[in-house]
Amino acid sequence: FQAISLRYFNPIGAHPSGLIGESPNDIPNNLMPIILKVCLGKHPILKVFGTDYDTRDGTGIRDYLHVMDIAEAHVAAFKKRENMKNYDVVNLGTTLGSTVLEVVSAFEKATGVAVKKELVERRPGDVAILRTCSTKATELLGWKPNRSL
């Protein structure tokens with residue numbers, strides 16, 4: 001038996017067709033759906049939790065990975081499945097990460113729409129930086145992310 005688990009933590013973006021993307025049916029936990037709902041008037045405000053982290057702008061850094069890069073990683077894994085031995089786990093990410101305010105700024109620049117936000121205290125348990133090392137994905141699958149903010 002051969003199997004592979006692809007681990008990714010902060011999917012972001014959409015397929016050009018709009019079929020895959022940022023439109024959850026329930027209350028979103030992810031940054032981009034909240035930004036979208038705020039701009040559409042369906043959510044009152046984006047709360048930015050923590051502005052005193054030791055990061056570029058004081059907000060948390062997360063490894064946001066475009067859904068199309070994730071889809072391409074799944075295709076790469078499927079193509080390599082017959083060469084695999086047993087089971088493996090592979091992390092997917094950019095390895096760089098972006099701050100919350102960098103994501104908000106990129107959204108505002110791309111859309112021309114200002115995001116109503118409130119800077120609030122950190123949430124318990126949040127860490128300053130959470131990035132993914134995807135070296136194994138490159139070595140095993142020949143995969144690298146092609147998109148950025």
Side-chain angles (χ1 to χ4, degrees), residues 3-78 80 87-149:
I4 186 168
S5 291
L6 302 179
R7 297 179 355 135
Y8 41 91
F9 307 97
N10 292 285
I12 196 169
H15 184 271
S17 70
L19 294 174
I20 304 171
E22 301 283 358
S23 186
N25 294 327
D26 55 358
I27 299 170
N29 282 338
N30 302 31
L31 178 60
M32 189 55 70
I34 294 172
I35 289 173
L36 291 169
K37 287 190 181 281
V38 167
C39 291
L40 293 170
K42 295 180 179 182
H43 197 79
I45 196 163
L46 170 67
K47 290 187 178 183
V48 179
F49 295 99
T51 58
D52 60 345
Y53 290 108
D54 186 18
T55 62
R56 294 182 290 274
D57 61 21
T59 63
I61 292 177
R62 299 294 179 267
D63 199 343
Y64 299 98
L65 185 60
H66 197 281
V67 294
M68 292 305 299
D69 285 321
I70 294 169
E72 290 165 1
H74 280 269
V75 170
F78 183 78
K80 296 287 185 177
Y87 174 72
D88 213 338
V89 178
V90 176
N91 292 333
L92 305 177
T94 65
T95 71
L96 303 172
S98 302
T99 70
V100 172
L101 291 180
E102 288 170 345
V103 173
V104 171
S105 177
F107 177 89
E108 291 175 333
K109 183 178 178 185
T111 63
V113 177
V115 178
K116 186 177 177 184
K117 60 189 169 293
E118 178 184 5
L119 307 177
V120 298
E121 295 293 318
R122 296 180 183 190
R123 292 180 297 195
D126 277 354
V127 297
I129 301 170
L130 191 57
R131 295 182 294 210
T132 307
C133 177
S134 58
T135 303
K136 190 173 182 181
T138 302
E139 293 170 354
L140 186 66
L141 306 176
W143 175 88
K144 286 185 181 180
N146 293 308
R147 294 156 189 87
S148 66
L149 292 180

Is the shortest side-chain heavy-atom distance between [X] and [Y] below 4.5 Å?
{"X": "Leu65", "Y": "Ile12", "value": "no"}
{"X": "Asp88", "Y": "Leu140", "value": "yes"}
{"X": "His15", "Y": "His66", "value": "no"}
{"X": "Ser148", "Y": "Tyr64", "value": "no"}
{"X": "Val100", "Y": "Ile61", "value": "no"}
{"X": "Cys39", "Y": "Leu36", "value": "no"}
{"X": "Asn10", "Y": "Asn30", "value": "no"}

For this session: Mark yes when over 12 heavy atoms from residues, nucleotides or ligands other than Asp54 sit less than 6.0 Å from its CG; otherwise mark no.
Result: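 No - once you tally the heavy atoms of other residues, nucleotides and ligands closer than 6.0 Å, there are 12 at most.
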
Exercise. CD of Glu118: more than 12 outside heavy atoms within 6.0 angstrom?
Worked result: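 Yes.
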
Calculate, to the nearest 0.5 Å, the distance between atoms [atom1] and [atom2] belonging to [X] and [Y] respectively.
{"X": "Asp52", "Y": "Leu119", "atom1": "CG", "atom2": "CG", "value": "11.0 Å"}
{"X": "Thr132", "Y": "Leu92", "atom1": "OG1", "atom2": "CG", "value": "8.0 Å"}
{"X": "Arg56", "Y": "Ile129", "atom1": "CZ", "atom2": "CD1", "value": "8.0 Å"}
{"X": "Met32", "Y": "Leu149", "atom1": "CE", "atom2": "CG", "value": "7.0 Å"}

List the atom pairs, donor and acceptor, that lie under 3.5 Å between side-chain atoms in residues 40-48 and the rest of the protein, sequence neighbours left out.
none

For this session: Decide side-chain contact (heavy atoms from CB on, under 4.5 Å) for Thr135 and Glu139; before the verdict, give the C-alpha distance in whole Å, the side-chain angles of both, and the deciding distance to 0.1 Å.
Result: CA-CA 6 Å; Thr135 303; Glu139 293 170 354; 3.3 Å; yes

Problem set entry | Ion pair Lys144/Asp69, N-O distance below 4.0 Å |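 The answer is no: the pair does not qualify as a salt bridge.
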
Which atom names give the shortest non-hydrogen contact between [X] and [Y], and what distance separates them?
{"X": "Ile70", "Y": "Pro11", "answer": "CD1-CB, 3.7 Å"}
{"X": "Ala77", "Y": "Leu141", "answer": "CA-CD2, 3.7 Å"}
{"X": "Leu130", "Y": "Val127", "answer": "CB-CG2, 4.2 Å"}

Problem set entry | Criterion side-chain contact (heavy atoms from CB on, under 4.5 Å) on Lys37 and Ile35, from CA distance to verdict | CA-CA 6 Å; Lys37 287 190 181 281; Ile35 289 173; over 6 Å; no

Exercise. Got a sec, which residues hit salt bridge (charged side-chain N to carboxylate O under 4.0 Å, His left out) with Arg7, two or more places apart in sequence or on another chain?
Worked result: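 Counting only residues at least two positions away or on another chain, Arg7 forms no salt bridge (charged side-chain N to carboxylate O under 4.0 Å, His left out).
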
Problem set entry | Partners meeting salt bridge (charged side-chain N to carboxylate O under 4.0 Å, His left out) with Asp63 (sequence neighbours left out) |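 With neighbours one apart ignored, the set is empty.
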
Problem set entry | Arg123 to Phe49 six-membered ring, cation-pi geometry met (6.0 Å, 45°) |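 Geometry flag: set, cation within 6.0 Å and 45°.
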
Exercise. Is NZ or CZ of Arg122 both nearer than 6.0 Å to the six-membered ring centre of Tyr53 and within 45° of the ring axis?
Worked result: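 The answer is yes, since Arg122 meets both limits relative to Tyr53.
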
Exercise. Does the pair Thr51 and Val120 meet the rule for a side-chain contact (heavy atoms from CB on, under 4.5 Å), with working shown?
Worked result: CA-CA 7 Å; Thr51 58; Val120 298; over 6 Å; no

Problem set entry | Tyr8/Asn91 under side-chain contact (heavy atoms from CB on, under 4.5 Å): CA gap, chis, key distance, verdict | CA-CA 6 Å; Tyr8 41 91; Asn91 292 333; over 6 Å; no

Problem set entry | Which residues share a side chain to side chain contact (heavy atoms under 4.5 Å, CB included) with Asp57, sequence neighbours left out |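 With neighbours one apart ignored, the set is Thr55, Thr59, Thr99, Leu101, Glu102.
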
Exercise. Quick one: side chain to side chain contact (heavy atoms under 4.5 Å, CB included) partners of Ser134, sequence neighbours excluded?
Worked result: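 For Ser134 the side chain to side chain contact (heavy atoms under 4.5 Å, CB included) partners, ignoring immediate neighbours, are Thr95, Ala137, Trp143.
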
List the atom pairs, with distances to 0.1 Å, where a side-chain N or O of residues 107-115 and a protein N or O form a donor-acceptor pair under 3.5 Å, not counting sequence neighbours.
{"unit_1": "Glu108", "atom_1": "OE2", "unit_2": "Val115", "atom_2": "N", "d": "2.8"}
{"unit_1": "Thr111", "atom_1": "OG1", "unit_2": "Phe107", "atom_2": "O", "d": "2.8"}
{"unit_1": "Thr111", "atom_1": "OG1", "unit_2": "Val113", "atom_2": "N", "d": "3.1"}

